[in-house]
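Reminder, nothing fancy here: chain letters follow the sequence lines and each chain counts from 1. Heavy-atom basis, side chains included; hydrogens, waters and symmetry copies ignored.
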There are 2 protein chains.
Amino acid sequence: MLLRIDPASSVPLFEQLAASVRAEASRGNLREGDRLPAAREVAVSLDINVHTALRAYQLLRDEGLVDLRRGRGAVVTDRVAHYSELGEAIPRLVASAKEVGVGVQTLTAMIRQEYGS
Amino acid sequence: MLLRIDPASSVPLFEQLAASVRAEASRGNLREGDRLPAAREVAVSLDINVHTALRAYQLLRDEGLVDLRRGRGAVVTDRVAHYSELGEAIPRLVASAKEVGVGVQTLTAMIRQEYGS
DNA sequence: GCATTGTGCTAGTACAAATAGAACAATAGG
DNA sequence: CCTATTGTTCTATTTGTACTAGCACAATGC
């Protein structure tokens with residue numbers, strides 16, 4: 001499990017952490033039943049507050065990627081399969097956008113627009 | 001030109017307005033050389049501040065979708081073609097995400113992650 | 001010249017992120 | 001059964017940023 005964050009980035013720490021976990025899922029490095037390191041443990045190793053680490057985990061729980069239970073930790077659900085599926089489709093779209101010079105902000109805005117309608 | 005915004009939405013007004021213009025572009029309703037209504041005009045008809053309308057236009061300028069000039073207004077550039085291209089690819093990905101129950105926030109986060117790497 | 005249109009500057013308000021401390025509840029394992 | 005582990009809940013503070021807005025200014029077009 002490679003979890004990285006960049007304290008200098010403008011992206012919130014908890015989002016970076018969640019994204020880092022998703023990336024592992026997209027690459028197929030996570031399987032149903034796998035257990036993520038404890039929030040307290042992650043907080044120490046990344047030098048962030050426990051609440052921040054927990055918030056990332058709670059975000060992933062809201063998405064359904066992990067189950068959270070006291071004493072047991074964060075366990076990957078069966079939904080991890082969907083993430084690796086999208087892990088193939090997404091790079092294609094991103095490549096197209098980059099080719100024609102459409103930025104991240106614009107692309108994500110267009111997706112939100114499409115999703116909402 | 002159908003420009004709509006929802007004051008009740010949590011999405012910033014200027015982003016909604018910009019998205020509304022992009023949507024027109026994606027649908028092929030805008031062509032190179034077309035002129036958008038004046039910011040002050042849009043502000044009045046949508047009942048928002050001029051700065052808010054202007055900020056939307058400046059966002060579109062930064063994207064390269066329009067050229068902005070004093071006294072002349074906002075003119076659509078040749079990049080509009082790319083927007084209608086993506087207007088076909090994006091719905092496919094969004095449909096896939098919806099099928100497997102992946103939300104907007106998650107999807108856009110994954111795209112940012114992919115874009116950045 | 002004069003109206004139109006975008007730009008710059010300034011500022012108030014509100015919201016979100018991150019940190020912190022403390023107490024609590026469920027689970028796992030010896 | 002007991003204990004350590006792990007997430008949950010609550011309150012609070014600090015800090016930074018986003019959004020909106022008002023006013024004066026500058027460039028363009030007719």
Side-chain angles (χ1 to χ4, degrees), chain A residues 1 3-21 33-77 104-106 108-109 112, chain B residues 1 3 5-21 33-77 104-105 108-109 112:
Chain A
M1 276 288 296
L3 299 181
R4 281 183 310 127
I5 58 172
D6 173 18
S9 166
S10 66
V11 179
L13 299 176
F14 76 91
E15 277 194 15
Q16 289 187 50
L17 178 52
S20 199
V21 174
D34 283 357
R35 182 169 166 264
L36 301 184
R40 282 177 174 81
E41 189 180 329
V42 174
V44 170
S45 74
L46 294 182
D47 192 32
I48 60 179
N49 194 278
V50 188
H51 285 87
T52 306
L54 252 323
R55 183 160 178 191
Y57 277 15
Q58 286 160 357
L59 184 59
L60 295 173
R61 177 199 52 192
D62 292 346
E63 293 178 15
L65 180 57
V66 300
D67 275 334
L68 288 186
R69 287 209 185 158
R70 292 185 263 214
R72 184 165 142 224
V75 181
V76 177
T77 71
V104 204
Q105 303 299 332
T106 303
T108 53
R112 276 192 297 272
Chain B
M1 277 285 297
L3 299 180
I5 59 172
D6 174 18
S9 166
S10 65
V11 179
L13 299 176
F14 74 91
E15 278 195 13
Q16 289 187 51
L17 179 51
S20 198
V21 174
D34 283 357
R35 182 169 166 264
L36 302 184
R40 280 177 174 80
E41 189 180 329
V42 174
V44 170
S45 74
L46 295 182
D47 193 30
I48 60 178
N49 192 277
V50 188
H51 282 85
T52 306
L54 254 323
R55 183 159 177 191
Y57 277 16
Q58 286 161 356
L59 185 59
L60 296 174
R61 178 199 53 192
D62 292 347
E63 293 177 16
L65 181 56
V66 300
D67 275 335
L68 242 43
R69 288 205 188 160
R70 290 187 265 216
R72 182 165 143 225
V75 180
V76 176
T77 71
V104 204
Q105 303 300 332
T108 55
R112 275 192 297 274

(request) Decide side chain to side chain contact (heavy atoms under 4.5 Å, CB included) for B:Arg69 and B:Asp67; before the verdict, give the C-alpha distance in whole Å, the side-chain angles of both, and the deciding distance to 0.1 Å. (result) CA-CA 7 Å; B:Arg69 288 205 188 160; B:Asp67 275 335; 5.5 Å; no

(request) For side chain to side chain contact (heavy atoms under 4.5 Å, CB included), just list the numbers for A:Glu63 and A:Leu59, CA-CA rounded to whole Å, side-chain angles, deciding distance to a tenth of an Å, and then say yes or no. (result) CA-CA 6 Å; A:Glu63 293 178 15; A:Leu59 184 59; 4.1 Å; yes

(request) Quick one: do A:Gln16 and A:Asp6 satisfy side chain to side chain contact (heavy atoms under 4.5 Å, CB included)? Show the steps, please. (result) CA-CA 8 Å; A:Gln16 289 187 50; A:Asp6 173 18; 3.7 Å; yes

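Of the residues near DNA chain C, A:Gly71 and A:Pro12, the one whose nearest nucleotide (by heavy atom distance) lies more toward the 5' end is A:Pro12. Two residues, A:Arg61 and B:Leu13, neighbour DNA chain D, and the one matched to the more 5' nucleotide by heavy-atom proximity is A:Arg61.
In this entry the distance linking CZ of B:Arg69 with C1' of C:dG6 reads 12 Å, nearest Å. Rounded to whole Å, atom P of D:dC23 lies 16 Å from atom CG of B:Leu54. For the pair B:Leu46 CG and D:dA21 P, the interatomic distance rounds to 12 Å; values are reported in whole Å. Residue B:Ile48 contributes atom CD1, which lies 19 Å from atom P of D:dA18 at whole-angstrom precision. When the C1' atom of D:dT17 is taken as reference, atom CZ of B:Phe14 falls 12 Å away, rounded to whole Å. Atoms CZ (B:Arg55) and P (D:dG22) sit 16 Å apart, rounded to a whole Å. Between A:Leu68 atom CG and C:dA25 atom P the separation is 19 Å, expressed in whole Å. A:Leu36 has its CG atom 9 Å from the P atom of D:dG7, to the nearest Å.
Looking at the side chain of B:Arg40, the nearest of the listed nucleotides C:dT7, C:dG6, D:dT20 is C:dG6. Comparing atom distances between the A:Gln58 side chain and each of D:dT8, D:dA21, C:dA17 picks out D:dT8 as nearest. Set against C:dA22, C:dA26, C:dG6, the side chain of B:Arg70 has C:dG6 as its closest nucleotide.
Remark: the B:His51 side chain and the C:dG8 base include a donor-acceptor N/O pair separated by less than 3.5 Å.
Contact annotation: B:Thr52 side-chain N/O to D:dC19 OP1/OP2 distance is not under 4.0 Å. An OP1 or OP2 oxygen of C:dA18 is reached within less than 4.0 angstrom by no side-chain nitrogen or oxygen of A:Asn49.
Side-chain atoms of A:Thr77 come within 3.5 Å of backbone N or O of A:Gly64 as a donor-acceptor pair. Within the 3.5 Å criterion, the main-chain N or O of B:Arg72 finds a donor-acceptor partner in the side chain of B:Arg35.
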